[in-house]
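Take this structure, written in structure tokens, and hold onto it; I'll ask about it next.
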Amino acid sequence: MKEKLAINGGPKAVNKEFLWPIFDAGDVNAVTRIAQSGKWGNPDCGDEVAKFEEEFAAYCGAKYAITCVNGSVSLRLALIACDVKPGDEVIVPPYTFITTASSVIECNCVPVFVDIDPNTYNISPAAIEAAITERTKAIIPVHFGGLACDMDAIMDIARKHGLRVIEDAAHGHGAEYKGKKLGSIGDVGSFSFQSSKNLTSGEGGIVITNDDELYAMMRSLRNVGRIEGGQWYDHYNPGCNYRITQIQAVLLSQQLKRLEAQTRKRNDNGLYLNHLLSKVKGISPLSRNEAITLHCYHIYIFKYDPAAFGGLSRNDFAAMLTAEGVPSFKGYPHPLYKQPLFQNKNFMCYAIPDHVDYTQVYCPNAEQACSSDAVWILQHALLGEKEDMEAFVNAILKIQTSQL
Ligand SMILES: *Cc1c(COP(=O)(O)O)cnc(C)c1O
């Protein structure tokens, strides 16, 4: 029987609010304690910040962690510490948030876009290898949606060519590759604590590393170029004030206590959705293999085939799914190189050679994900119960039935 779609005024298939962030009196009391102490910030961030950095580094199995104002600046800290020079090339995927690539521009370097694997939406190692030139300095793999990149292959390529690897793990808090926490495998791992992310303090970011020199440099850059043991008004490195407040740090310490259980819950619900959706014609979840020991599903992604939905476009399908009460989205409208920023080379950066022309870049897999294939279900929805996952699938089936 055809039911009236919610987008046309019918009843929703899913009648539940999925909240984010999740917090309780413990979080509120922690913030209140800092507010009342008056120790909101500190020239060197303060003890609550240092405490959270230790906790996060330990959680990730890394030696060091350095907080900063967001998950875009964290990429900048990593790039500068990795000693990129004007005109150096940095390999990035085109299916990601803008700052994965614009942080490269901010460092006067050239982002080189290479395509994603259509089965995982992660950067393709073969495409990385094909894009390496003598100017290549670093690779920024993005663990898209929280699904680990093929890190063995990427680290092999990086070692072979002497490149730095900066993991953009802004979607990857708590997720694992072969038992290792994302961010702990490359030279630096970068995370965001922006409000939508799987660990949040409203805004914020962090870098993790095992390397003493990268650690010292990123700490210096975060603190206006000051160095350990240096004088207050002596500045050595091209940094800025990228420090977070103690209030953010206590919130993050509280939130971190929930991260592992939340990650496991999303992982289990994602596997259950994979199972349920394997029976739905026209819906193909991205593939995950045995290297993915834990997926944090910052985004649960499936590929949509209009042929199984009477020709209904992906954009119309995604709008209907959202109206049915599934926290979902069609995702990025175009690959990053199609952004006006890149098409027009509207950079305050004079080191990008004239021959670099983003109008000539074309990554077919990223194009297809953006224009017609990808549908995203957002992380907080994966914190629901098994029956909620079943309700999401029923919403998809309701739309399918209405079109046939
Ligand atoms: C969110 C995000 C960032 C940037 O983080 P902010 O904290 O918002 O600056 C970087 N990379 C990816 C992949 C992201 O999703």
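Just so you know, ligand 1 is whichever comes first in the structure, and atom 1 is the first atom listed for that ligand. For this chain, numbers begin at 1 and follow the sequence in order.
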Please answer whether the main-chain N or O of Ser372 pairs with a side-chain N or O of Glu367 as donor and acceptor at a distance below 3.5 Å.
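The answer is no, because no donor-acceptor pair under 3.5 Å joins these two groups.
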
Can you name the residues that form a ring-ring contact (aromatic ring centres under 6.0 Å, His included) with Phe392, not counting sequence neighbours?
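Residues passing ring-ring contact (aromatic ring centres under 6.0 Å, His included) with Phe392: Phe18.
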
Listed by chain and number, what are the side-chain hydrogen bond (donor to acceptor under 3.5 Å, both in side chains) partners of Ser402, not counting sequence neighbours?
none

At less than 3.5 Å, what protein N or O atoms come close to the N or O atoms of ligand 1? Include the distances to 0.1 Å.
from: ligand 1; atom 1: 5 (O); to: Ser192; atom 2: OG; distance (Å): 3.3
from: ligand 1; atom 1: 7 (O); to: Gly71; atom 2: N; distance (Å): 2.7
from: ligand 1; atom 1: 7 (O); to: Ser192; atom 2: OG; distance (Å): 2.6
from: ligand 1; atom 1: 9 (O); to: Gly71; atom 2: N; distance (Å): 3.4
from: ligand 1; atom 1: 9 (O); to: Ser72; atom 2: N; distance (Å): 3.2
from: ligand 1; atom 1: 9 (O); to: Ser72; atom 2: OG; distance (Å): 2.5
from: ligand 1; atom 1: 11 (N); to: Asp168; atom 2: OD1; distance (Å): 3.4
from: ligand 1; atom 1: 11 (N); to: Asp168; atom 2: OD2; distance (Å): 2.8
from: ligand 1; atom 1: 15 (O); to: His171; atom 2: NE2; distance (Å): 2.7
from: ligand 1; atom 1: 15 (O); to: Lys197; atom 2: NZ; distance (Å): 3.1

Qualifying salt bridge (Lys or Arg N to Asp or Glu O under 4.0 Å) pairs with a residue from residues 368-386, counting only residues at least two apart or across chains:
Lys265-Glu385

Below 4.0 angstrom, N of the basic side chain to O of the carboxylate: do Asp83 and Lys85 qualify?
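Yes, Asp83 and Lys85 are salt-bridged.
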
Just do the side chain to side chain donor-acceptor pair (under 3.5 Å) check on Asp24 and Gln254 with the steps written out, would you?
CA-CA 10 Å; Asp24 61 21; Gln254 291 293 321; over 6 Å; no

